[in-house]
Amino acid sequence: MSNGFIFYRGPSMLDGSPIIAVATGLDRGSRNGKTGGELIQTWILRDDMAPHDAVKTGADAAICGDCPHRGRVEDGRNVARSCYVVPHQAPLSVWRTAQRGVYPVIDPCDAADAFAGRLVRLGSYGDPAAVPADVWACVLAGVAGKTGYTHQWKTPRFAALKAFCMASCDTPEDQREASADGWRTFRVRLDGEALHDREITCPASAEAGAKTSCDACKACGGLTAKARVNIAIIAHGAASKVNAFARLRAA
Ligand code: SF4
């Protein structure tokens, strides 16, 4: 079997466009300093269009919804994008492999066997809300842990994702609103912004001394994770992305 499979092929729950959800990293070889070494990655991609073309045209709304980090399309190009995922790198590679028919399409409940006992990242690219919540419930039934983040928490029909995902929050106000609505939250903050009550710094962050990785921590798994606190991290990554986040906050 290939080192991946498609566990959902169908309409996006965000806008009805054709999408796929692909799992990779099944051979336990997926290494990343922050997320750790045992992670299964999942990629939520348009089925009918390469990821970088979707970003250029705004068709990435099918897999990212109204996430503010998508940027916006002006004069045929995307401007002000602050998402840290580079669509023509790993997402394009996974999409091309899927379009060549390398990945088998399997039933989500069969995917659960491959996921059992592993840590799964919901949406290494793409918002988990694009995939039906009952698909996630099935594939995640036996996992040892998961991390997931959604920007769609303001939309009531995605409330079932509270079980698996953190509400992605870009402002202090959003964090308070999402928390009041019953979500656990993951907030990106500006350097110098204070932590809120019941909020801790991500222990894998630079400001916390990079003490652990996601596969050891497992805190960002929504309401079904053992952790009960909310998480915050200072905007990080390439200077261009940090500056884009600061501009987003100032807008
Ligand atoms: S709080 Fe834990 S699970 Fe969440 S991002 Fe940080 S290290 Fe990963």
Side-chain angles (χ1 to χ4, degrees), residues 23-25 28-44 64 67-69 82-86 90 115-129 136-137 139-153 158 161-172 174-176 178-179 181-191 193-238 241-242 245:
T24 64
R28 297 178 179 257
S30 188
R31 284 228 158 258
N32 174 303
K34 179 167 175 286
T35 56
E38 295 289 317
L39 193 72
I40 292 176
Q41 308 271 0
T42 65
W43 307 87
I44 303 162
C64 292
C67 174
H69 300 290
S82 53
C83 177
Y84 67 91
V85 181
V86 183
F115 284 19
R118 300 287 304 276
L119 179 73
V120 178
R121 171 74 194 264
L122 285 69
S124 305
Y125 179 51
D127 194 301
W136 288 120
V139 300
L140 297 172
V143 297
K146 70 272 182 208
T147 61
Y149 310 88
T150 179
H151 269 95
Q152 315 307 314
W153 54 268
F158 296 123
L161 291 175
K162 289 177 185 175
F164 319 118
C165 293
M166 312 295 279
S168 283
C169 299
D170 298 306
T171 66
D174 274 3
Q175 192 280 328
R176 292 191 178 98
S179 183
D181 194 31
W183 290 85
R184 291 186 60 231
T185 61
F186 186 93
R187 177 168 69 103
V188 180
R189 61 186 175 127
L190 295 172
D191 199 1
E193 273 181 349
L195 291 172
H196 292 175
D197 288 345
R198 296 182 49 74
E199 193 178 51
I200 65 164
T201 298
C202 164
S205 65
E207 61 269 27
K211 288 196 278 282
T212 188
S213 57
C214 296
D215 61 352
C217 172
K218 305 183 185 76
C220 288
L223 296 176
T224 52
K226 281 190 184 149
R228 289 287 170 267
V229 290
N230 297 314
I231 309 294
I233 194 167
I234 294 174
H236 61 286
K241 298 300 180 191
V242 175
F245 178 75

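Atoms within a ligand are numbered from 1 in the order they appear, just like the ligands themselves. Quick caveat: nothing in here was measured; it's all calculated off a predicted structure.
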May I ask you to list the atoms of ligand 1 that are less than 4.0 angstrom from any heavy atom of [X]?
X	value
Cys220	1 (S), 3 (S), 4 (Fe), 5 (S)
Ala204	7 (S)
Cys217	1 (S), 2 (Fe), 3 (S), 7 (S)
Tyr149	4 (Fe), 5 (S)

Would you say [X]'s side chain and [Y]'s backbone share a donor-acceptor pair under 3.5 angstrom?
X	Y	value
Asn230	Arg184	no
Lys146	Val143	no
Lys162	Ala167	no

Review point. Of the backbone and side-chain N, O or S atoms of Cys202, does one lie nearer to atom 6 (Fe) of ligand 1 than 2.8 Å?
Key: yes
The side-chain contact (heavy atoms from CB on, under 4.5 Å) partner of Arg187 among Met166, Arg176, His196 is His196
_Quick one about Ser168 and Trp153 (side-chain donor to acceptor, distance below 3.5 Å, no hydrogens or angles considered), yes or no?_
no
